[in-house]
2 protein chains.
Amino acid sequence: MTKIRKEQPKRHLAAEIAAAITEGAYRPGEWLRQIDLEETFAAKRFDVRSALSELAARGMVTHVANRGYQVMRPDLTVVREMLAIRILLEVEAVTQALPHIGPAELERIKSAQKAFENAVARGSKADQANSNAAFHDEIYRHAPNRSLSKFVVEIRNRVIPGPIALWPSYADLQRSAAHHVDIVSAIETRDIDALVAAVRRHITESGANYPAGDRGQGHTEASAARP
Amino acid sequence: MTKIRKEQPKRHLAAEIAAAITEGAYRPGEWLRQIDLEETFAAKRFDVRSALSELAARGMVTHVANRGYQVMRPDLTVVREMLAIRILLEVEAVTQALPHIGPAELERIKSAQKAFENAVARGSKADQANSNAAFHDEIYRHAPNRSLSKFVVEIRNRVIPGPIALWPSYADLQRSAAHHVDIVSAIETRDIDALVAAVRRHITESGANYPAGDRGQGHTEASAARP
DNA sequence: TGCGCTTATATTGGCGCCAATTTGTGCGCA
DNA sequence: TGCGCACAAATTGGCGCCAATATAAGCGCA
């Protein structure tokens with residue numbers, strides 16, 4: 001008799017919770033109750049705590065003894081610093097990728113860009129975020145340094161977007177789409193300088209949504225939610 | 001009556017195990033038995049499994065269902081790619097740091113360098129690794145982008161050194177020390193180009209220990225250790 | 001005597017309970 | 001009526017057991 005085994009792909013709960021946080025399901029400062037997470041993600045207590053511990057190590061949530069875990073409040077300074085790091089990495093990635101982008105690859109990039117434009121017009125917030133990420137990855141994946149492109153993804157997912165950056169205006173989205181057009185055309189004309197400049201501008205301005213004195217956005221409300 | 005509470009700084013077991021791996025306590029390909037880890041680190045089963053899961057997510061160990069966790073075999077390509085990323089980040093860090101290094105800071109850097117030389121002469125392998133890391137951090141910490149310097153540390157600790165890179169020859173160590181001297185003098189003369197070149201060379205050559213066809217070093221022996 | 005099957009052992013991994021602690025509520029007292 | 005204390009409810013977190021599975025050992029049979 002052949003042995004039947006349930007091949008569950010060993011879900012990575014920490015990543016799922018992290019995604020939920022970056023998508024705004026949980027607000028900065030909000031308490032993450034283990035019991036809630038258990039039923040929301042249909043996971044066991046063990047996995048929940050394990051995931052929470054991991055996220056705490058990553059600095060995505062803060063842990064208060066005997067109180068629980070709460071979503072880290074995005075520090076404007078840290079966000080800006082992470083953007084600077086992203087620029088460093090993504091500029092390198094796109095520079096490495098350019099020589100390896102032929103007509104076929106360009107076509108895929110263009111369709112990824114189209115997908116983003118569609119998401120801007122008719123998609124949900126999550127669609128917009130995902131198709132935006134997919135567009136960039138479609139470019140970076142051609143960098144010979146595969147670790148680099150993986151890293152770019154990891155860093156991007158690590159930053160907790162403030163509530164403001166999470167709800168960009170339609171104008172913001174259109175500006176993003178315009179940047180994508182710039183990037184694509186720079187790739188098409190093989191203009192490395194223009195390409196680098198476009199990427200740098202794109203990332204920089206993605207953090208421009210953060211007003212100067214951000215910080216306490218949603219502070220009172222989120223803090224009010226008791227643990 | 002005042003309440004007495006045991007303020008244990010909430011140890012991060014995953015980091016401890018990771019350190020043990022990078023220090024060579026566990027060889028690539030070796031199986032990590034949970035029971036052994038329990039008593040070695042005086043931790044409970046829960047924490048061990050949690051830490052292991054985290055390390056698996058970081059790609060430091062591989063997880064085989066119902067078999068356990070084993071130390072990831074360092075892939076030469078990945079190691080090289082990570083070195084390239086380290087160069088990118090550390091060059092940026094040192095560039096940012098230079099303008100903020102005054103006489104007082106330079107003095108501390110010099111003493112860190114001395115500490116490394118002492119470790120080379122009389123210290124253990126762990127001492128050498130630690131004092132080397134301390135030297136670099138003593139420089140990078142002056143970069144205004146604090147996230148960057150933290151990041152540099154994280155990346156450095158993420159790479160699993162192959163057994164060869166782990167046991168550098170005395171000549172390797174001396175070369176490393178020489179690089180440090182170059183770096184210090186470049187800082188002293190404020191020669192940014194020389195500084196960048198020195199850092200780049202230092203990191204690049206730290207991976208030169210890996211011979212072309214590395215991979216299977218310690219393969220048979222480590223694999224023999226049954227789970 | 002060697003090979004294949006069955007049995008035994010060690011290890012992993014899923015799951016759950018209960019003590020400790022904190023927060024919320026209600027009662028009593030000034 | 002307002003303040004403070006005590007009690008109750010909810011949540012976290014430490015800990016341990018036991019089933020499932022892989023590996024090793026033992027045994028019978030050709």
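Heavy-atom basis, side chains included; hydrogens, waters and symmetry copies ignored. Chain letters run A, B, ... following the sequence lines, proteins first and then strands; every chain starts at 1.
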Would you please confirm or rule out a distance under 4.0 Å between OP1 or OP2 of dG14(C) and any side-chain N or O of R49(B)?
yes

Distance check: side-chain N/O of H63(B) vs OP1/OP2 of dG13(C), anything under 4.0 Å?
yes

How close or far is atom [atom2] of [N] from atom [atom1] of [X], stated in whole angstroms?
X	N	atom1	atom2	answer
Y69(B)	dA22(D)	OH	C1'	16 Å
N66(A)	dA20(C)	CG	P	12 Å
W31(A)	dG24(C)	CH2	P	11 Å
E38(A)	dA10(D)	CD	P	16 Å
D47(A)	dG16(C)	CG	P	12 Å
L37(A)	dT12(D)	CG	P	8 Å
E30(A)	dT11(D)	CD	P	14 Å

Taking every heavy atom of Y26(A) against every heavy atom of L37(A), the minimum-distance pair comes out as OH-CD2, 3.5 Å

Considering only side-chain heavy atoms of [X], which listed nucleotide, [options], is closest?
X	options	answer
R33(B)	dC15(D), dT11(C), dG13(C)	dT11(C)
I35(B)	dG13(C), dG13(D), dT11(C)	dT11(C)
K44(A)	dT12(C), dC15(C), dG13(D)	dC15(C)
R67(A)	dT11(D), dG13(D), dT23(C)	dT23(C)

Minimum side-chain heavy-atom gap V61(A)-Q70(A) below 4.5 Å:
no

Please classify the nucleic acid contact of V64(B) as base, sugar-phosphate, or nothing, using heavy-atom distances under 4.0 Å.
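Answer is sugar-phosphate: V64(B) comes under 4.0 Å of backbone atoms only.
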
With a 4.0 Å cut-off on heavy atoms, is L32(B) in touch with a base, just the backbone sugar-phosphate, or nothing at all?
sugar-phosphate

Exam field: side chain S176(A) to backbone L173(A), donor-acceptor pair closer than 3.5 Å
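Not at all, since once roles are kept as given, no pair shorter than 3.5 Å links the two residues.
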
Would you say the rings of H100(B) and H142(B) are close, in the sense that their centroids are separated by under 6.0 Å?
no

Is a donor-acceptor contact shorter than 3.5 angstrom present between the side chain of R45(A) and the base of dG16(C)?
no

Side chains of S169(B) and D172(B): is there a donor and an acceptor less than 3.5 Å apart?
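Short answer, yes.
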
Any donor-acceptor N or O pair under 3.5 Å, side chains E117(B), Q113(B)
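Yes, because at least one side-chain N or O of E117(B) sits under 3.5 Å from a partner of the opposite role on Q113(B).
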
The answer to which of F46(B) and A65(B) contacts DNA chain C further toward the 5' end, by nearest nucleotide, is A65(B)

At 10 degrees resolution, what angle do the end axes of the helix from dT1(C)-dA30(D) to dA30(C)-dT1(D) form when each is taken over five base pairs?
10°

Counting only heavy atoms not in R146(A) (residues, nucleotides, ligands), do more than 12 fall under 6.0 Å from its CZ?
no

